[in-house]
Amino acid sequence: MGKTFYVTTPIYYPSDNLHIGHTYCTVAADAIKKFKKLQGYDVYMVTGSDEHGQKIEEKAKEVGVSPKEYVDKIVADTKELWSLLDIEYDSFIRSTDPIHEKNVQELFQKLYDKGEIYKDEYEGFYCTPCEAFWAESQMDKDHNCPDCGRPTHMAKEESYFFRLSKYRDALLEYYDNHPEFIQPEFRKKEMINNFLKEGLDDLSVTRSSFDWGVPVPFDKDHIVYVWIDALSCYLSGLGLGTEDESNYEKFWPAQVHLVGKEIMRFHTIIWPALLMALEIPLPEKIFGHGWILFDDDKMSKSKGNVVYPEPIIELYGVDALKYFLLREFSFGNDGNFNKEKFMNRLNSDLANDLGNLLSRTVSMIEKYCNGILPEPGESNEFDKDLETLAPSIWEKNEKAMEHFQFSVVLDDIWKLVRRTNKYVDETTPWIVAKEGDQKRLDTIMYHLAESLRVISILIYPYLQNTAKEIRNQLGLPENISWEDGKVWGLSKAGNKITKGKIIFPRLDTKKEMEKLEKANTALFEKRMKEKEKDMNEEVKGKDLITIDDFDKCEIKVALVESVEDHPNADRLYILHLKIGEEKRQIVSSIKEYYKPEDLEGKKILVLTNLKPAKFRGVESNGMLLAAEDDEGNLTIASTLEDIVDGASLG
């Protein structure tokens, strides 16, 4: 069997269209695949979407569609984006794929049968946006979520638990025996100090407060939560559970999972512990990259600072975006996306350095050698310097890519690009031509073309289209082996040189910044309007009511006498109300917005003639009225002046 290499992106959570931060990780994974493939490896790349969970369920409700319909559109947009970026993934696994849901149930059953999962009741601090319980030791003094920084609240829920606590020592031992397992190195220290040092709690792995997920095979009141559901996509993506498991047998374990730093805990603690429990080999490496910030701030739709990749690609091409992402940021640390930085990098590195080098080389060969690559003569000191440098960059690239140091790789390649440009100035071919020394001129032209041949090999995993265009203009075959990059002199004299397009035109930075800002804003607004349209269409599908219809609604003032937690759902309260002489209870999902003491003794508006319904086994007789804005802020409807409970709205 030949050398194999399995690389994955995160299994992205498709709650909305992907932005440049998601693009960053996928571009990196694709570059790794192309590099390893060039080295001769049989490479398999998996990406996908984690489509279950409470947030997806709620997003779908907002626009009036089923959760599956909601994610279908985003997944289609994601695949279209990956195609636009020339991402060469082998499998796009969706957590809603039937084969994956089957795998999840079988893995869950196996863990349960082995005694690794047990049923209990959880009471603790819960973060609704992250859908995660936290121990008090993991939070700050204000009980904010350690992942997203938002406030948590006490919640109580029946759950199945994975015995994560028993794997603490095994994980620490594994880290010691496999020092490359967590990368970069400082991420390992974060995991140990923040999560493992004080011990591990058992992990809640099911939910009963919502329904959008894979049912527990032996308990239909529970769904399997993200830890087992999403993480096992890395196995399903290889064909686990299908009739043909040859890819799973061939490629597992993964050589590297690429993930954002915010999900390192899941991948370096929960995932390896689950694999240990299942007796499945662990991946070789988990690499946690940083975030791409926008002017030093995290991208957020609510802040209006999301940068989408599509306008950049449309205006400047795929390779310009890929180069900036991989060159500008040190993979593993946070980076700052800035439009001016992008334009400057495009102008200096791509237009002035590489684009200009190709253009002047091809033009001079056409002018001085009739468009035919000449045979080189004897080398002088300048020629020999170039001959030595080019192969050395190949060796440096090999070492840097062992640690996915993309910025180092590209910086080294550009040393060769700049050195070749300097070579033009040192050898002054225009003066040599005037002097009539054709043999010397031929040697200079050959060295320029040969340096570009090597450059086309070195940049291929990162700037594939550019590499192909260089080869096209130099009359080189499209496919060249990686090993050819460490050997000088493989260009064949007699190749037909054909001047083509300027690969990276120089830009007016100020004008282009304005153009890019306008294009990005237009796409942002377009997507917002599409969502508004979807919501409006859902509203339009409902008949307008008359005053007679409104008269059917019985809305009364109610006094909140007491509030208690729902016994089977962590997001729900049970409100005990006094409405005149009547007492009744209402179940409501307002727990993340109010504490019991905020509500008790207050008067609120309630729809009282709504048909009773049961929520997780508790009857709700009526519905409180509330308003919510686009930012997710909620307020319960009440009256301007105090009025006796039981009074009717009319």
Side-chain angles (χ1 to χ4, degrees), residues 3 5 28 31-32 34-41 319 322-323 326-332 345 348-350 352-358 360-361 373 375-427 429 440 442-464 466-468 470-471 474 476-477 479-493 495 503:
K3 300 181 294 184
F5 196 94
I32 292 170
K34 289 183 169 78
F35 180 79
K36 301 308 290 188
K37 191 175 178 181
L38 202 58
Q39 284 184 313
Y41 284 80
D319 284 6
K322 287 184 176 181
Y323 180 78
L326 298 174
R327 173 67 181 85
E328 186 70 22
F329 311 123
S330 176
F331 199 60
R345 182 70 73 179
S348 64
D349 294 13
L350 298 179
N352 289 357
D353 291 343
L354 183 57
N356 188 45
L357 175 61
L358 176 63
R360 70 200 300 201
T361 296
L373 185 66
E375 190 78 45
E378 188 176 339
S379 297
N380 67 15
E381 59 179 308
F382 297 129
D383 306 330
K384 289 176 181 176
D385 191 29
L386 206 55
E387 292 167 12
T388 303
L389 177 63
S392 73
I393 301 299
W394 185 94
E395 293 176 1
K396 288 181 178 179
N397 275 198
E398 284 245 311
K399 291 177 182 177
M401 277 301 286
E402 289 177 9
H403 303 286
F404 314 128
Q405 296 175 314
F406 304 106
S407 59
V408 173
V409 166
L410 290 168
D411 185 50
D412 283 338
I413 295 171
W414 251 252
K415 288 175 183 174
L416 176 59
V417 173
R418 294 187 180 110
R419 180 65 188 88
T420 309
N421 274 311
K422 184 181 178 184
Y423 172 82
V424 178
D425 298 331
E426 290 170 336
T427 58
R440 178 61 192 149
D442 288 349
T443 301
I444 296 170
M445 294 302 105
Y446 184 89
H447 278 71
L448 290 174
E450 177 63 359
S451 186
L452 279 164
R453 180 192 68 83
V454 174
I455 289 166
S456 80
I457 295 172
L458 298 176
I459 67 170
Y460 187 87
Y462 326 103
L463 308 176
Q464 182 175 296
T466 303
K468 288 179 178 179
I470 291 172
R471 294 173 190 177
L474 293 178
L476 297 168
N479 296 316
I480 306 177
S481 79
W482 174 244
E483 295 292 322
D484 289 346
K486 65 176 179 179
V487 181
W488 183 269
L490 296 183
S491 288
K492 293 181 180 178
N495 280 354
I503 53 175

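Model, not experiment: these values are computed from the prediction. Numbering of residues begins at 1 and proceeds along the displayed sequence.
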Checklist entry - Is the closest side-chain heavy-atom distance between Pro461 and Lys37 below 4.5 Å? => result no

Item to check | Thr388 side-chain N/O to Lys384 backbone N/O, donor-acceptor pair under 3.5 Å | outcome: yes

Checklist entry - side-chain hydrogen bond (donor to acceptor under 3.5 Å, both in side chains) between Arg471 and Asn479: does it pass, once the steps are laid out? => result CA-CA 9 Å; Arg471 294 173 190 177; Asn479 296 316; 5.4 Å; no

Checklist entry - Considering only heavy atoms from C-beta outward, does the side chain of Trp394 approach that of Glu483 to under 4.5 Å? => result yes

Checklist entry - So, Lys415 and Asp412, do they make that salt bridge, N to O below 4.0 Å? => result yes

Checklist outcome for this item: All heavy atoms of Ser451 vs all of Leu416, minimum pair found to be OG-CD1, 3.7 Å

Return all side-chain donor-acceptor pairs below 3.5 angstrom for residues 400-411, not counting sequence neighbours, or 'none' if the list is empty.
from	atom 1	to	atom 2	distance (Å)
Asp411	OD1	Arg327	NH2	3.1

Checklist outcome for this item: Residues passing the ring-ring contact (aromatic ring centres under 6.0 Å, His included) test with Tyr323, sequence neighbours excluded, are Trp414

Next on the checklist: So Ile470 and Thr466, do their side chains get closer than 4.5 Å, heavy atoms only?
Outcome noted: yes

Item to check | Closest non-hydrogen atom pair, Leu38 against Ile457 | outcome: CD2-O, 3.9 Å

Item to check | Atom of Leu463, atom of Asp319 and distance for their closest heavy-atom approach | outcome: CD2-O, 3.2 Å

Checklist entry - Is the backbone N or O of Ala493 less than 3.5 Å from a side-chain atom of Glu375, with the two atoms forming a donor-acceptor pair by type? => result no

Checklist entry - Between Tyr460 and Lys468, which heavy-atom pair has the shortest distance, and what is it? => result OH-CE, 3.8 Å

Item to check | Residues Arg418, Asp349; criterion salt bridge (charged side-chain N to carboxylate O under 4.0 Å, His left out); working and verdict | outcome: CA-CA 9 Å; Arg418 294 187 180 110; Asp349 294 13; 3.1 Å; yes

Item to check | Salt bridge present between Glu328 and Arg345 (N-O < 4.0 angstrom) | outcome: yes

Checklist entry - Do the side chains of Lys399 and Lys396 get nearer than 4.5 Å, heavy atoms only? => result no

Checklist entry - Does any non-hydrogen side-chain atom of Ile503 lie less than 4.5 Å from one of Leu354? => result yes

Checklist entry - Ion pair present between Arg440 and Asp383, side-chain N to carboxylate O less than 4.0 angstrom? => result yes

Item to check | Presence of salt bridge, Asp385 and Arg419, under 4.0 angstrom | outcome: yes

Item to check | Charged tip of Lys322 within 45° of Tyr462 ring normal and under 6.0 Å | outcome: no

Next on the checklist: I want to know whether Trp482 and Phe35 have ring centres closer than 6.0 Å.
Outcome noted: yes

Checklist entry - Would you say the side chain of Leu474 lies within less than 4.5 Å of the side chain of Leu373, judging by non-hydrogen atoms? => result no

Item to check | Leu476 side chain reached by Asn495 side chain, heavy atoms, under 4.5 Å | outcome: yes

Item to check | 4.5 Å side-chain heavy-atom contact, Val424 and Pro429 | outcome: yes

Checklist outcome for this item: Heavy atoms of Arg453 and Ser491 approach each other most closely as CD-OG, 3.3 Å

Item to check | Contact summary for Gly485 and Val454, nearest pair of heavy atoms | outcome: O-CG1, 3.6 Å

Checklist outcome for this item: Residue set satisfying ring-ring contact (aromatic ring centres under 6.0 Å, His included) with Phe329, at least two apart, ordered chain then number -> Tyr24, Phe324

